[in-house]
There are 2 protein chains.
Amino acid sequence: MKNIKDRVTIYEVAKASGVSLATVSRVINNNDNVTETTRIKVQETIRRLGYKPSALARGLATNRTTNIGIVIPNANYVYIANMLNGMTDEAKDKGYQLTLFVTNHSKDDALQMVEKVITSHVDGAIIFDDELDVEEVNKLSSYKIPLVVINNNVIAERVACINFGYEHAIRSVINSYFEKGDKKMYFLHLHHSGRLLQRIEKAFVDTHVEAMRGYGIYSIEDSYRQTYSDFMEIFKSTHSGYFLAHRDSLAAAVLNAAIDSGLRVPQDVEVLSIIGTKYASILRPHISSLHIDLKEVGAKAMQMMTDLLGEIEMQHVHKFESTFVKRDSTQY
Amino acid sequence: MKNIKDRVTIYEVAKASGVSLATVSRVINNNDNVTETTRIKVQETIRRLGYKPSALARGLATNRTTNIGIVIPNANYVYIANMLNGMTDEAKDKGYQLTLFVTNHSKDDALQMVEKVITSHVDGAIIFDDELDVEEVNKLSSYKIPLVVINNNVIAERVACINFGYEHAIRSVINSYFEKGDKKMYFLHLHHSGRLLQRIEKAFVDTHVEAMRGYGIYSIEDSYRQTYSDFMEIFKSTHSGYFLAHRDSLAAAVLNAAIDSGLRVPQDVEVLSIIGTKYASILRPHISSLHIDLKEVGAKAMQMMTDLLGEIEMQHVHKFESTFVKRDSTQY
DNA sequence: TTGTACGCGTTATCAC
DNA sequence: GTGATAACGCGTACAA
């Protein structure tokens, strides 16, 4: 079965130090009912042999890995990287590792990842993925896997939720723009962008309908380059507008296209980035955006997860309300 | 030991379908020596019971997890996110999961992560971390863990390397600038930025020394905001210079500070981003940069890893040569 | 084709 | 304080 037998086991340590493996186990786990002399003796041979406990065997015995699954659509977006950053920081403190399950914005992959999360025996999973519906989340939940679900409301045992409050902010931005501004507003629609953006788009449409205003929707590709060239085309005939884009790089595509078409920002063209990151204030002109600190979100998610795992009393729902940060790409 | 006994095991599936667990195991692993009828029967009860094999137990039995450890300093940089993206794509094809080990640019953490990589029983590890020296890498290697080391030359059994060729490009950029340009060049030095940047800085210094030219070094913080305000200060007294920055956001800090100080880019101030990402061509003015596609690097690294694991013949060293992409932040 | 029995490396429950 | 020994869930020779 194993042609290369090399991993030092607790057994060999026991034999080498002349004790039973039970004692070695006690030493490893800092169980205090061990004589100081034998403890030192064992620790010495552990170091000498270079013994490292196997997380696999330990996990099998304790039914706990110190592993938390992270389900994300993609590792590439800046805001997801920010979130991962918050998670890793928090996880490290508590001694957890993160295992990545990437869905690539595909439903099929997402379903497959659900399977993998279950088999992989993680202690819990944090789900930040719009491909996964309540149904799948419930499936995970039915396997008793503690869950923190970001941006999806699920109520179940051992499930905590983090919600993003974008609707309120977007409505208020739009409504207050109605009072002062006069440009037509356009929403940049993205395929496979998930529920969050859909909800925001709905809020955008609803607000316009309620105010009996006209609006526009542009379908764009999830790519800076493509969006930039699309808008270079659009700005040949359209010379003004207020555009709402999913995130900074797409907002920048519109912005750059506008400027390169000789339009003025924000006099002719205004742009709002919905999920703003630090690039919103690095890019010129500075992009107005809705702000939620995703590193904070990641940290909070991980904290809720460890609370869940530690069965600590906690609020099972947390909401991050976004704030509108006016910068130079909008007038108001 | 376990108060909650709920995971469906191969045993229960066996009993429920009236076969032995060996047969169930064969069905799971698509071992073909199983009658079609029993196979179907077993598959049926597997579905009915919602059985999922335990990767833990399987790993213990086969001595293989389908897990690859990724050691990185940080999950937050765009270029690391890009690399992760390439890795996850490639890993998914081959059925591997990624487990993250983040060192936070700290030597202590890095050493701890080495321990964790060993205990965690990953099938292999990809190391993209400058805190880890040859010594630590060799330690990992001594535990027979297949390794792909990025940006660090290690020669050992089951170790593959990916190297970045920045020195050549940087020398050629500098030397050709000596011919045409006249500004003094400054290197933006970062603490804890690792060997890669140190090597590049050395190349920068050496090239100047060889040409008997003067140069400057600025120590900066690893933060856009701080660097921006530092340079707002600097540009009060200094009104020209050619600055080499670690990555896009730091280059942007210099650039924005220059512009906000009323200096012209690239006439007065020139900036080069060493590790360029897509933001180099989103930011305005477009930032000249040295380019290596880090998604490609990630994919290649993962591919080398799977080759290593599959014991496939391969080149154990691969070099990515960076190319200078002139954009608008430099004159030549 | 199918079943038995053992091993994987560790923890935990007993005794002593 | 320490040592057997039975789990943990699965793969796999070997036997049937």
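In what follows, every chain begins at residue 1, and chains take the letters A, B, ... in the order their sequences are listed. Both backbone and side-chain heavy atoms feed into the values below; hydrogens, waters and symmetry mates do not.
Here C:dT11 presents its P atom at 11 Å from CG of A:Asn30, a figure rounded to the nearest Å. If you take CG of A:Leu56 and C1' of D:dG9, they are 11 Å apart, rounded to a whole angstrom. Rounded to an integer number of Å, the gap from CG of A:Leu60 to C1' of D:dC8 is 4 Å. Distance, B:His121 NE2 to C:dT10 C1': 11 Å, rounded to whole Å. Taking atom CZ of A:Arg64 as the reference point, atom C1' of D:dG9 lies 18 Å away to the nearest angstrom. Taking atom CD1 of B:Ile28 as the reference point, atom P of D:dG9 lies 13 Å away to the nearest angstrom. Here C:dA12 presents its C1' atom at 10 Å from CG of A:Asn29, a figure rounded to the nearest Å. Rounded to a whole Å, the CG atom of B:Asn31 is 10 Å from the P atom of D:dG11.
OP1 or OP2 of C:dT11 has at least one side-chain nitrogen or oxygen of A:Ser25 nearer than 4.0 Å.
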Measure all distances between protein nitrogen or oxygen atoms and nitrogen or oxygen atoms of nucleotides 2-6 of chain C, and list the pairs falling under 3.5 Å.
residue : atom : partner : partner atom : Å
C:dT2   : OP1  : B:Thr35 : OG1          : 2.8
C:dT2   : OP1  : B:Thr38 : OG1          : 3.4
C:dT2   : OP2  : B:Thr35 : N            : 2.8
C:dT2   : OP2  : B:Thr35 : OG1          : 3.0
C:dT2   : OP2  : B:Thr38 : OG1          : 3.0
C:dG3   : OP2  : B:Ser20 : N            : 2.9
C:dG3   : OP2  : B:Ser20 : OG           : 3.4
C:dG3   : OP2  : B:Thr23 : OG1          : 2.7
C:dG3   : N7   : B:Arg26 : NH1          : 3.4
C:dG3   : N7   : B:Arg26 : NH2          : 3.4
C:dG3   : O6   : B:Arg26 : NH2          : 2.4

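Under the salt bridge (charged side-chain N to carboxylate O under 4.0 Å, His left out) criterion, A:Asp130 pairs with A:Arg195, not counting sequence neighbours. With sequence neighbours excluded, no residue satisfies side chain to side chain contact (heavy atoms under 4.5 Å, CB included) with B:Glu313. Residues satisfying the side chain to side chain contact (heavy atoms under 4.5 Å, CB included) test with A:Asn33, not counting sequence neighbours, are A:Arg26, A:Asn31. Every residue meeting the side chain to side chain contact (heavy atoms under 4.5 Å, CB included) condition with A:Glu115, not counting sequence neighbours, appears here in chain and number order: A:Lys139, B:Lys52.
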Without placing hydrogens or testing angles, list every side-chain donor-acceptor pair under 3.5 Å for residues 73-81 of chain A, not counting sequence neighbours.
residue : atom : partner  : partner atom : Å
A:Asn74 : OD1  : A:Asn76  : N            : 2.5
A:Asn76 : OD1  : B:Asn82  : ND2          : 2.6
A:Tyr77 : OH   : A:Asp222 : OD2          : 2.3

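Contact between B:Glu136 and B:Lys107 at its shortest, heavy atoms only, is OE1-NZ, 3.1 Å.
Counting only residues at least two apart or in different chains, side chain to side chain donor-acceptor pair (under 3.5 Å) contacts with residues 92-104 of chain A comprise A:Asn67-A:Thr99, A:Glu90-A:Lys94, A:Lys92-B:Asp109, A:Lys94-A:Thr306, A:Thr99-B:Thr99, A:Thr103-A:Asp129. Listed by first then second residue, pairs satisfying ring pair (Phe, Tyr, Trp, His ring centres under 6.0 Å) with a partner in residues 130-153 of chain B number zero, not counting sequence neighbours.
The residue from B:Ile126, B:Val148, B:Val297 that alone fulfils the side chain to side chain contact (heavy atoms under 4.5 Å, CB included) condition with B:Met87 is B:Ile126.
Which of C:dT10, D:dG11, C:dA12 sits closest to the side chain of B:Ile10 comes down to D:dG11.
Note that the two end axes of the helix from C:dT1-D:dA16 to C:dC16-D:dG1 enclose an angle of 40°, each drawn from 5 base pairs, rounded to 10 degrees.
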